[in-house]
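Throughout, a chain's letter reflects where its sequence line sits, starting with A, and its residues are numbered from 1.
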Protein chains: 2
Amino acid sequence: MTSQNDAPAHPRRGWADKRQAIIRGARTVFGRDGYAGIDAIATEAGVSTRTIYNHFQDKEQLFSCAIQESAVQVRDALVEQMSRHLDTVTDLEADLLALAHAWVASMAQFPDHFALVRLMTAEANRFPAEALDAWQELGPRAARAALAHHLGLLAGRGLLEIGDPDRAARHFHLLVFAEVTERSHHGAVPLDEAVITEIITAGVRTFLRGHIPPPGAGRQQ
Amino acid sequence: MTSQNDAPAHPRRGWADKRQAIIRGARTVFGRDGYAGIDAIATEAGVSTRTIYNHFQDKEQLFSCAIQESAVQVRDALVEQMSRHLDTVTDLEADLLALAHAWVASMAQFPDHFALVRLMTAEANRFPAEALDAWQELGPRAARAALAHHLGLLAGRGLLEIGDPDRAARHFHLLVFAEVTERSHHGAVPLDEAVITEIITAGVRTFLRGHIPPPGAGRQQ
DNA sequence: ATGAAGTTGCAATGCACGTTGTACTCTACC
DNA sequence: GGTAGAGTACAACGTGCATTGCAACTTCAT
């Protein structure tokens, strides 16, 4: 599925380095300036324009590669945070809050990535469907699956009551992440720390009300 | 705040008509083709390119006007649906479900508008902050305030238990709307009816679990 | 009717940019 | 150390497009 955008094997040393530099430059420039000119990317990457076209078919393919690489990186960060906060849970609410804060912090840590996502979304009508799917699979869906896995384990320990772990993961994501995303315009406008805390606190509370087992036994409409 | 984009009073008859035609054409073309050429808009509106520049300073101002007008229209539709479904509530869950379905249907009814929103979001970094604010105030914030009002009334009748009506409105919006928005890429990719129903049903259920008064008395958490 | 205001079609300007070709240089490998 | 495979600088091409000027034409208020 990512076949078209995978880095082809290549004998020459340093080749992959150039490719990496270009992709990184593309991510930076696309993130900062929008769907900007190739020249800016070449400058940012310390590479000639011609080299970019030696590595990539055209601007669009470069963009696809950039967003895919970026998505993997962000996903890894999110997954790592889940492990850190949910592997050993003592106080569930506190740990969920900590995870939520860590996620939101990631948004500030990878501003370029989220700018790319915004660009892609804006062009969703005209963007190649395979690239859209590839991104969703590599990024959001994978992250959500990881969260679902963790929530499922917590449910197994009796700390949560969950019908469908994947749906629970989506709801958690929506309540703590989607609102921050929306309010900050996908990270474009920074949000007050107090506002973030308020959103997260309320979101986690609503989530838990919907997914905490009743104090006594184990049934609930 | 919208002063810059309001239609200036004008003696001449037919003037406002042209302006309207241009704005409508802009919305259609921007929505369909992205941040497209002025010529396309002129053709769509049945107007000469030059006339557009007689009415608007530049493309950007035209875009701002288009999205503001569009936002008001969509907001009115959403508000009207709230009245229809929440003014006389018999079965709360059923009515909320109906409202949610109506909202999602609106997304399909105003595809151009949501494409405009996507465009604006993609450019959020570089878009004039006042225009961004004007849109948020006219559209999403107003709609959410209306929903908060309705939910507050329902809480007054004892059908819901709500701390902050505005927060409850946000959570409802997130659980039933944000996910559809995200999954369909802001309406760019149509969603299966079954998927929509599943999302809405689960969202309303989680919402109600968090905001329904306990069967017995009136305290909770 | 008449003149001012608005509209139109057209051309022109000017710029930004994707993409490619070419000739030269560099460098990793043998 | 030589050579083939990369990279680079540079220029050129073509295009698309926002924006403006202009002269002729239409429309509306009085």
Side-chain angles (χ1 to χ4, degrees), chain A residues 7-67 119-120 122-123 126-128 131, chain B residues 5 7-67 116 119-120 122-123 126-128 131:
Chain A
H10 206 276
R12 198 73 170 250
R13 208 194 77 198
W15 196 86
D17 294 337
K18 284 279 179 223
R19 191 186 167 88
Q20 270 300 313
I22 294 172
I23 289 184
R24 249 201 284 274
R27 187 171 53 195
T28 302
V29 173
F30 282 144
R32 173 165 30 85
D33 303 334
Y35 205 63
I38 287 282
D39 293 348
I41 297 173
T43 304
E44 174 75 30
V47 146
S48 84
T49 311
R50 201 66 184 76
T51 304
I52 294 182
Y53 282 96
N54 287 343
H55 281 260
F56 301 92
Q57 219 171 18
D58 53 19
K59 212 168 132 179
E60 188 181 296
Q61 200 211 351
L62 173 57
F63 183 84
S64 292
C65 289
I67 203 173
L119 280 178
M120 188 180 57
E123 300 290 321
R126 296 166 288 283
F127 206 71
Chain B
N5 294 331
H10 207 277
R12 199 73 171 252
R13 210 194 75 197
W15 197 84
D17 293 338
K18 284 277 181 228
R19 192 185 166 88
Q20 270 300 314
I22 295 172
I23 289 184
R24 249 200 283 273
R27 186 171 56 195
T28 303
V29 172
F30 282 144
R32 172 164 32 84
D33 303 335
Y35 206 61
I38 287 283
D39 293 348
I41 297 173
T43 304
E44 175 75 30
V47 146
S48 86
T49 312
R50 201 63 186 76
T51 303
I52 294 183
Y53 282 97
N54 289 341
H55 281 259
F56 301 92
Q57 218 171 21
D58 53 18
K59 210 169 132 180
E60 189 182 294
Q61 201 211 350
L62 172 57
F63 182 85
S64 293
C65 289
I67 201 171
L116 291 195
L119 280 178
M120 187 179 58
E123 301 289 322
R126 297 165 288 283
F127 206 69

Inset, instruction - Grab the CD1-C1' distance between I22(B) and dT8(C) for me, whole Å please. - result: 12 Å
Legend entry - Minimum heavy-atom distance P128(A)-E60(A), with the two atoms named: CG-OE2, 3.5 Å
Inset, instruction - Using a 4.0 Å heavy-atom cut-off across all strands, classify D58(A) as base, sugar-phosphate, or nothing. - result: sugar-phosphate
Inset, instruction - Using atom CD of E60(B) as one end and atom P of dT19(D) as the other, report the distance to the nearest whole Å. - result: 9 Å
Inset, instruction - Find out whether I41(B) and E44(B) are in side-chain contact, i.e. whether some heavy atom of one side chain is under 4.5 Å from a heavy atom of the other. - result: no
Legend entry - Between dT27(D) (C1') and N54(B) (CG): distance, integer Å: 15 Å
Inset, instruction - Can you figure out which of dC17(C), dT19(D), dT7(C) approaches the side chain of T49(B) most closely? - result: dT19(D)
Legend entry - Distance, rounded to the nearest Å, where I52(B) contributes CD1 and dT8(C) contributes P: 10 Å
Inset, instruction - Describe the nucleic acid contact of A36(A) in one word from base, sugar-phosphate, nothing, applying a heavy-atom distance below 4.0 Å. - result: sugar-phosphate
Legend entry - For atom CG of L62(B) and atom P of dA18(D), their distance in whole Å: 11 Å
Legend entry - Nucleotide of dG7(D), dT19(D), dT8(C) approaching Y53(B) most closely (side-chain heavy atoms): dT19(D)
Legend entry - Under 3.5 Å donor-acceptor pair, R13(A) side-chain atoms to dA28(C) base atoms: no
Legend entry - Candidates dG7(D), dT7(C), dT19(D) - which lies nearest the side chain of K18(A): dG7(D)
Inset, instruction - Could you check how far CG of D39(B) sits from C1' of dA11(C), rounded to whole Å? - result: 13 Å
Legend entry - Distance-only donor-acceptor test, R50(B) side-chain atoms vs dG9(C) base atoms, 3.5 Å: no
Legend entry - Interatomic distance where CD1 belongs to I38(A) and P belongs to dT15(D) [whole Å]: 20 Å
Inset, instruction - Could you tell me whether the phosphate oxygens of dT7(C), OP1 or OP2, come under 4.0 Å of any side-chain nitrogen or oxygen in T51(B)? - result: no
Inset, instruction - Work out which heavy atom in C65(A) is nearest to a heavy atom in I23(A); give both atom names and the distance. - result: CB-CD1, 4.1 Å
Inset, instruction - Would you please confirm or rule out a distance under 4.0 Å between OP1 or OP2 of dG6(C) and any side-chain N or O of H55(B)? - result: no
Inset, instruction - Determine the minimum heavy-atom distance between R19(B) and N5(B), stating which atoms define it. - result: NH2-O, 3.3 Å
Inset, instruction - Starting from C1' on dA5(C), measure out to CH2 on W15(B) and report it in whole angstrom. - result: 12 Å
Inset, instruction - Return the orientation label for the Y35(A) and F30(A) ring planes: parallel under 30°, perpendicular over 60°, tilted otherwise. - result: parallel
